[in-house]
Structures are given as structure tokens and as C-alpha cells.
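Just follow the structure's listing: the first ligand is 1, and inside any ligand the first atom is 1.
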Amino acid sequence: MSKLLKKITIIKPDDWHVHLRDNEILKKISQYTGKFYKRAIIMPNLDQPITNCLKSMSYRRRILNSMKPNTTFKPLMICYLTKKTSPEELKQGFAKKIFVGAKLYPKCSTTNSKNGIKHIKEIYHLLKIMENIKMPLLIHGEETDPNIDIYDREAKFIENTLIPLRKHFPELKIILEHVTTEEAISYIKESNSSYLAGTITPHHLMLNRNNMFSNGIQPYLYCLPLLKRKKHQIALRNAISSGSKHFFLGSDSAPHFHQNKINNFGCAGIFNAPSSLLCYVSIFEEINALKYFQSFCSENGPNFYNMPINKETITLVKKPHKILKKINIGNNVIIPFLAGKKLDWSIES
Ligand code: NCD
Ligand code: ZN
């Protein structure tokens, strides 16, 4: 008797938070995002951040040029906010659909955030405009005060920055990116607001901070926000298995060259694009939540961003998939999340 292959077909997902980088890295890695996702929010934190419409249009073109010729993939571009951002640029960019939102990086919170925002009040005038024109604000939600313990920076950000911000701009649409703590989950759930949502990465669902220090320090599990305690990992899993509409897929795939990961000052970021969707499906299966897999991957995001739900579908099959070990780029290599490991799910060819 032939064993039935377990399959799942869902509306083609979107990745609401991905770093595609530029130049030779972009050319080698964008295909992975294009294979699994119909649309993706492209993070603007390049070495020269995407701070205006011109830079964004030209970056968007480079992304499309890096994809397979007949791609139907749609990059969704984001404006990197600085205290010098021109209000006109934001208004025009959003009206002309060059930007779907703008990103707040607290200054020096993560990769290429030195042009970010020191005091949120520096951009209150921009946030007022965004609230009026209904332009979503994407937030890297961590305090940067070195006196705050790094494991508490997300919770403190909610308390010190996000709550006052939302009081001031109650109708500003906010996405708290890559949430990692039970505090963030509870805050979003309890707010139960059409103005607040969160994205969740596969690695924060799969792992906790013990994994980063098992058998020696594991630089490839270093990302920001850091992996947290197990109780937080469980809170993230409970959030997705509850089917809450306030959470959706954002892989935070963030490649760095090996030599920059393994360094005295190693870069933060996990490159999961080759496996992110396969990781998510494994997690949803493990926690018995497959019935909410499609809404997390393909519905909650567009509903929040007020975009149409995709028409295409994708089929995943329960068949082992080996994750590639590395990607060569000139004399450098990029090593993916779970390199060389096997996952239970693959994409139907
Ligand atoms: C991201 C990167 O490298 O651009 N790194 C990361 O650890 N997630 C930036 C970010 O999203 O914080
Ligand atoms: Zn990111």
C-alpha cells in the first residue's frame, strides 16, 4: 500500500520583513525569497540607506533585475526614517505607491542604523503626517540605552516609547517588527487594535537563547533582537497557534558574509530565506496549528496593510529537504540558517 504524501496548499505567502542587500549579494540571494513569496517588504537599511523616492525606485529596479526574467515577485519598498526625512518625500512616495511604509530604526540599534532616530520626538512631525495619510510605521522596537539589559530592551521599548507614541498618534498604523517577548505578544493582543500588529521570525519560534550557547557560542544564531528565554519562545508559539489576526510572517532573513559574522565584532543577522517557509510549516505542524498557517503566511499581512490577498497558491509536501550548506559570492561565502540540516517539509516541484 502506498503511503499518502502529506501535502498542504495555501495562498502564496508574502514576507513582511526581509533584507535583500545589494550588488553581488542581492544577485545571489533574491531568488530564494522570490521562490517562496509573492511579495516582500524590503528593508531599507543598506550601507547607504533608502531615504528617498529616487533611491527606492532605483533599488527596486535592481531587485527586479536580480530575479528570474519572468518573475511575478513584487518588492514592497520602505523609507528609512531619519531626522532629515522630507515630509514631502514621504507624502509623495506614499501617494505614488513608491513606499508602502516607513521604518523607524532607533539610532545604533542594529545593522546600519547609525542614521536612525535618537529621540522619537525628532520625527513627531513626520509621524503626524503618516497618521493622516494612513502610511504604516514599521518599528525596530528596542531601546538602545546601554544601561538597559539587552534582554529587556524590547519590553522597555514598549513601556517607554511605544505606549506614549500610540497615545499621541492613536490612528497611526504600527507594525512592531520581529517580536521576541511575551511582553510584546501580550501588548499587541491586549491592544486588539486594527492599528497595531507584529511580525514573527522562524528562528525566534524555533529557538531560544540556550541554543545560542550550546556546544560553544554560535555566531550564526546571533541576531537582533536576540533570541530570548524559552518562556518567550513559548509565548510566540502560543500567539501563532491562537490564530490571532494581529501577527504575520516576517522572516527577517538578513545575510552577512561569513567573514563579517566570524569577527571580533560579529554582525547580527540570520540568513533564512532558503528555508524560512519550510521552517514555519514545521513549527505550525509541531504545535498543531496548521489550520492557522495560511492566515499567518498569506492573509493577516495583506489585511493589515490593506492590500489584496494573492491569487496564486503554493504547495508544500512532507518530504525531507536538505538546506544548502553555503552560497559562494566571489571570494566570500554566506552560510544559511540550519546549513546542511534536514527539514521535514519541501516545496512541491
Ligand atoms: C538585520 C540586518 O542585518 O540588517 N539584523 C538582524 O539581526 N535582524 C537588521 C535588523 O532587522 O535588526
Ligand atoms: Zn530585519
- Task: Assess whether atom NZ of Lys319 is packed by more than 12 heavy atoms of other residues, nucleotides or ligands within 6.0 Å.
- Result: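 Counting neighbours around NZ of Lys319, 12 or fewer heavy atoms of other residues, nucleotides or ligands fall under 6.0 Å, so no.
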
- Message: From the N, O or S atoms in Asp252, identify the one nearest to the Zn ion (ligand 2).
- Response: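 Restricting Asp252 to its N, O and S atoms, the minimum distance to the Zn ion (ligand 2) goes to OD1.
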
- Task: Check His17 and report its N/O/S atom nearest to the Zn ion (ligand 2), by atom name.
- Result: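 Relative to the Zn ion (ligand 2), the closest nitrogen, oxygen or sulfur of His17 carries the name NE2.
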
[X]-ligand 1 polar pair, N/O distance under 3.5 Å:
X	result
Ala268	yes
Ala254	no
Tyr105	no

- Query: Under 2.8 Å from the Zn ion (ligand 2), is there an N/O/S atom belonging to His19?
  - Reply: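 Yes, within the cut-off.
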
- Proximal candidate to atom 10 (C) of ligand 1 [heavy atom criterion; set Leu46, Thr110, Val18, Thr201]: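 Among Leu46, Thr110, Val18, Thr201, the closest heavy atom to atom 10 (C) of ligand 1 belongs to Thr110.
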
- Strictly under 4.0 Å, does any heavy atom of Met43 approach an atom of ligand 1?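 In this structure, Met43 fails to qualify as a contact of ligand 1 - no heavy atom is under 4.0 Å.
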
- Query: Out of curiosity, is Lys103 lining ligand 1, as in a heavy atom under 4.0 Å away?
  - Reply: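 Contact check Lys103 vs ligand 1: negative.
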
- In terms of side-chain heavy atoms, does Arg60 have a donor or acceptor partner in Ser56 at a distance below 3.5 Å?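 No.
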
- Give a yes-or-no answer on whether the side chains of Arg209 and His232 include a donor-acceptor pair shorter than 3.5 Å.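 Distance-only check fails for Arg209 and His232.
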
- If every non-hydrogen atom of Lys326 is compared with every non-hydrogen atom of Pro336, which pair is closest and at what distance?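 Reported closest heavy-atom pair: CA-CD, 3.9 Å.
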
- Task: Indicate the atoms forming the closest heavy-atom contact of Tyr80 with Asn112, along with that distance.
- Result: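 Heavy atoms only, the tightest pair is OH-O, 2.8 Å.
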
- Item | Per-atom contacts, ligand 1 versus Cys223 - under 4.0 Å to a heavy atom |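 Those qualifying, in numeric order: 7 (O).
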
- Query: Do the ring centers of Tyr280 and Phe296 come within less than 6.0 Å of each other?
  - Reply: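 Close enough - the centres of the two rings lie under 6.0 Å apart.
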
